[in-house]
Amino acid sequence: MRVGILGGGQLARMLALAGRPLGLDFEILCPAPDACAAPLGRHRQAGFYEEEALRALAASVDVVTYEFENVPAETVAILEGRVPVYPHPRALAHAQDRLREKTLFRDLGIPTPAFAPVDDLAGLKAAIAEVGLPAVLKTRTEGYDGKGQFVLHEAGQAEVAWTAIGRMPAILEAFVDYSRELSILAVRGRDGEIRHYPVSENTHEQGILRVSVARPGDPLQGRAEELVRRLLERLDYVGVIALELFQVGGELLANEFAPRVHNSGHWTIEGAEISQFENHLRAVLGWPLGMTDPVGFAAMVNFIGQLPPAEAVLALPYTHFHDYGKVLREGRKVGHATVRCPDAATRDRAIETLRGLITQL
Ligand code: AMP
């Protein structure tokens with residue numbers, strides 16, 4: 001079987017690495033000449049609006065999936081009807097627009113921070129009155145890793161905030177004083193079967209994920225599963241999904257979802273019976289889903305902008321090194337390490353050791 005992937009970054013690379021042992025071949029459509037997934041399959045170096053390349057991809061693969069949520073609607077329109085595309089593109093329309101996404105959560109009874117749409121400066125002032133302060137102004141589209149966001153502490157900052165995000169259609173959200181950031185990854189097969197991974201507890205710095213710790217048996221596991229199930233069923237979703245959540249008291253508030261494999265699930269490569277990457281492929285191909293049970297006490301530490309020397313990481317016990325083969329650049333996710341340990345104390349020490357290595361760079 002041949003799988004087409006839109007996008008050629010590390011997520012596509014890890015999908016291909018997971019699929020090769022299953023006998024799968026990959027075609028990677030990505031305009032970047034140095035796409036880090038390219039060595040794992042056939043690289044179709046083309047843009048997402050290039051109709052000829054998209055038709056050729058559709059003709060030569062059994063299914064198409066994607067590794068990023070900003071796949072243009074035009075791209076999907078060209079592919080649909082020629083080849084199955086999973087997850088179904090209807091998920092993209094919601095994930096690409098924070099207002100639609102939050103409105104969907106609200107329709108599904110999934111709690112969110114208070115929010116209001118913002119279309120101009122006057123609208124921002126009205127939204128501040130409605131949502132309260134502190135609040136975070138986010139562009140509706142094209143924001144990721146904390147980009148296109150501005151935190152407001154006082155109403156006098158409205159104009160600065162509006163300019164800072166580029167005077168684009170936006171959403172104002174209450175700034176949540178959360179105790180933890182969690183995500184739940186789940187997979188739904190073509191037949192509607194759903195499986196969940198244990199929730200991940202995530203630490204972000206400057207809006208970028210730094211550390212994810214798998215939390216099997218977390219008291220909020222059941223609630224997280226219930227929330228993500230509503231989303232999967234409403235979207236008739238196929239594949240892996242990630243729902244990002246804030247814990248406030250004993251409740252979870254949804255921040256956003258990603259219709260794809262997710263950075264907070266990289267620990268599943270070594271720390272779960274079957275990884276998020278293999279399960280995503282199984283789902284989009286209509287194959288039986290794999291077990292999502294945790295193996296040991298797992299966590300992941302991201303390498304951002306810089307990589308520690310391989311020898312230093314490889315010398316650590318219980319530690320697995322992933323180098324994405326990318327050119328190093330500030331703010332870029334260039335690799336990660338997973339730890340899979342026999343107990344929680346060893347895991348926490350391993351995380352600290354890795355974080356220590358990073359601060360030495
Ligand atoms: P996002 O791009 O929406 O995932 O936001 C990136 C990060 O900013 C999140 O992981 C949080 O750490 C923080 N953040 C986003 N929205 C809020 C909010 N409403 N309240 C508090 N922190 C937030």
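Remember, it's 1-based here, ligands and their atoms both numbered in the order they're listed.
The proximity of Leu209 to ligand 1, defined as any non-hydrogen pair under 4.0 Å, does not occur for either the backbone or the side chain. Contact annotation: for Val176 versus ligand 1, heavy atoms closer than 4.0 Å belong to both the backbone and the side chain.
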What verdict does the side chain to side chain contact (heavy atoms under 4.5 Å, CB included) test give for Met300 and His322, after you've listed the backbone C-alpha separation in whole Å, the side-chain angles of each residue and the deciding distance to 0.1 Å? CA-CA 10 Å; Met300 181 232 47; His322 296 257; over 6 Å; no
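The side chain to side chain donor-acceptor pair (under 3.5 Å) test with Tyr197 is passed by exactly one of Thr292, Asp293, Asn279: Asn279. Of the candidates Glu142, Glu69, Glu256, Glu256 is the only one forming a salt bridge (charged side-chain N to carboxylate O under 4.0 Å, His left out) with Arg98.
Close approach of ligand 1 to Lys138 (heavy-atom distance below 4.0 Å) involves ligand atoms 3 (O), 15 (C), 16 (N).
Heavy-atom neighbours of Lys125 NZ from other residues, nucleotides or ligands within 6.0 Å: at or below the threshold of 12.
A donor and an acceptor atom, one from each side chain of His204 and Glu181, are located under 3.5 Å apart.
In this structure, Phe321 has its ring center at least 6.0 angstrom away from the ring center of His336.
Nearest-heavy-atom check against atom 6 (C) of ligand 1 across Glu173, Gln206, Gln149 picks out Gln149. With Arg98, Glu181, His204, Glu256 as candidates, the residue nearest to atom 12 (O) of ligand 1 on a non-hydrogen basis is Glu181. When Tyr178, Phe115, Phe246 are checked for heavy-atom proximity to atom 14 (N) of ligand 1, Phe246 turns out nearest.
Ligand 1 is never approached by Ala135 to a heavy-atom distance shorter than 4.0 Å.
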